[in-house]
Amino acid sequence: MVCKTYKQKQKMRDACRAAATILDKLCKMVAVGVTTYDLDQEGKRLMDECEVKSACYGYRAGSRIFPAHTCLSVNDEVVHGIGDKKRVLKDGDVISVDVCVSMDGHIGDNCRTVPVGLVSPEIDRLLKVTKEAMYLGIDQAIHGNRVGDVSHAVQSCVEGAGFAVITNFVGHGVGKSLHEEPQIPNYGKPGTGPKLKRGLTVAIEPMVNMKNKDIRMASDGWTALAIDGMPSAHFEHTIMVGNDRPEILTIPEGAEASPGE
Ligand code: MF3
Ligand code: CO
């Protein structure tokens, strides 16, 4: 969506702040012994408290309907994992917590991969590189640049670090709907693709595997798994394209001064 009026921008900022605040709280709850079902239930409770709706719950892809309030993907689960009472987090795991909410007809989408207890140095590096790639992509989201500038920045960072950028899923425009034009692939050439305009709101979201970029679908029909069976990482912010710098919209309440994460 291209936000043209102050009102539209403000609605996107509000939806995104709620999405980020909920994500932040869920990430702080991640610990050894917690189940992904507990996290999803807490996500639902926080959404009720903020009077927002999950943009995942009931999301349709053909005949499939997403059954959970958040996406919770552990280790080799890349995206769209479903909270499960039997999935107990253990020391050394990583979990991608993806929260997208709808508030007053506008959607905010964000994700972070967080460690559970102590993870190996290589997994720690995977998380750092994926987050760094997201910020380098975001830096390119300025008026007059092209989608390929964002894509290329992400890809160079990931591949430069020796990891594999996933091509089956892409970032996307986000606004009144969760997935809008343009698509923002995490690979591409500078100076190619659609032009970015000030006021355009997009989700920039690198998904990164350790060895092999390919994925396969789990039997639940939703969860995407890394084909190499190794941990995968996913960081996402919703941003607004600016004249000379992007505005990151998914900043939690009270963290405006130091977005950090
Ligand atoms: N943030 C996820 C995405 O952009 C949310 C998907 S909702 C789901 O793909 F229902 F598909 F899980
Ligand atoms: Co998204």
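Just so you know, ligand 1 is whichever comes first in the structure, and atom 1 is the first atom listed for that ligand. Atoms considered below: every heavy atom in the structure, side chains included; atoms not considered: hydrogens, waters and symmetry mates.
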Could you identify the N, O or S atom of [X] positioned closest to the Co ion (ligand 2)?
X: Glu236; value: OE2
X: Asp109; value: OD2
X: Glu205; value: OE2

Open item on the list: Tell me if the aromatic rings of Phe169 and His80 count as close, with their centers under 6.0 Å from one another.
Closed with: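 Ring centres of His80 and Phe169 closer than 6.0 Å.
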Can you tell me if [X] has over 12 outside heavy atoms packed within less than 6.0 Å of its [atom1]?
X: Gln183; atom1: CD; value: no
X: Lys9; atom1: NZ; value: yes
X: Arg245; atom1: CZ; value: no

- [ ] Report the distance from atom CG of Asp84 to atom CG of Leu39, rounding to the nearest 0.5 Å.
- [x]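 That separation rounds to 12.0 Å.
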Task: N/O/S from Cys111 sitting under 2.8 Å away from the Co ion (ligand 2) - done: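 No N, O or S atom of Cys111 is closer than 2.8 Å to the Co ion (ligand 2), so no.
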Open item on the list: Determine whether Lys44 and Asp48 satisfy the following criterion, salt bridge (charged side-chain N to carboxylate O under 4.0 Å, His left out), listing intermediate values before the conclusion.
Closed with: CA-CA 6 Å; Lys44 163 83 171 95; Asp48 288 346; 2.9 Å; yes
- [ ] State whether Glu42 and Lys25 are salt-bridged, where the test is any N-O pair (Lys NZ or Arg NE/NH1/NH2 against Asp/Glu carboxylate O) under 4.0 Å.
- [x]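 Looking at Glu42 and Lys25, the cut-off is not met.
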Open item on the list: Any carboxylate oxygen within less than 4.0 angstrom of a Lys/Arg side-chain nitrogen, looking at Arg17 and Asp14?
Closed with: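 Yes, this pair counts.
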Of the protein's non-hydrogen atoms, which lies at the shortest distance from [atom], and what is that distance?
atom: atom 12 (F) of ligand 1; answer: Cys71 SG, 3.1 Å
atom: atom 11 (F) of ligand 1; answer: Tyr59 CD2, 3.4 Å
atom: atom 7 (S) of ligand 1; answer: Cys56 SG, 3.3 Å
atom: atom 5 (C) of ligand 1; answer: Cys100 SG, 3.7 Å

Give the atom numbers and elements of ligand 1 that come within less than 4.0 Å of a heavy atom of [X].
X: Asp98; result: 1 (N), 2 (C)
X: His172; result: 4 (O)
X: Asp109; result: 1 (N), 4 (O)
X: Glu236; result: 1 (N)
X: Glu205; result: 4 (O)

Open item on the list: Under 4.0 Å, counting heavy atoms only: does Trp222 come that close to any atom of ligand 1?
Closed with: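 The answer is yes: ligand 1 sits under 4.0 Å from a heavy atom of Trp222.
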TODO: Could you check Asn110, Ile138, Thr238 and say which one makes a side chain to side chain contact (heavy atoms under 4.5 Å, CB included) with Ile248?
DONE: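 Of the listed options, the one satisfying the test is Ile138.
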Task: Nearest neighbour of atom 6 (C) of ligand 1 from the list Arg64, His80, His234, on a heavy-atom basis - done: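 Among Arg64, His80, His234, the closest heavy atom to atom 6 (C) of ligand 1 comes from His80.
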TODO: For Thr21 and Asp24, test the side chains for any donor-to-acceptor distance below 3.5 angstrom and give the result as yes or no.
DONE: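 No - no donor-acceptor pair under 3.5 Å links their side chains.
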TODO: Would you check the N or O atoms of His179, main chain and side chain alike, for any that come under 3.5 Å of an N or O of ligand 1?
DONE: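 Yes, since at least one N or O of His179 sits under 3.5 Å from an N or O of ligand 1.
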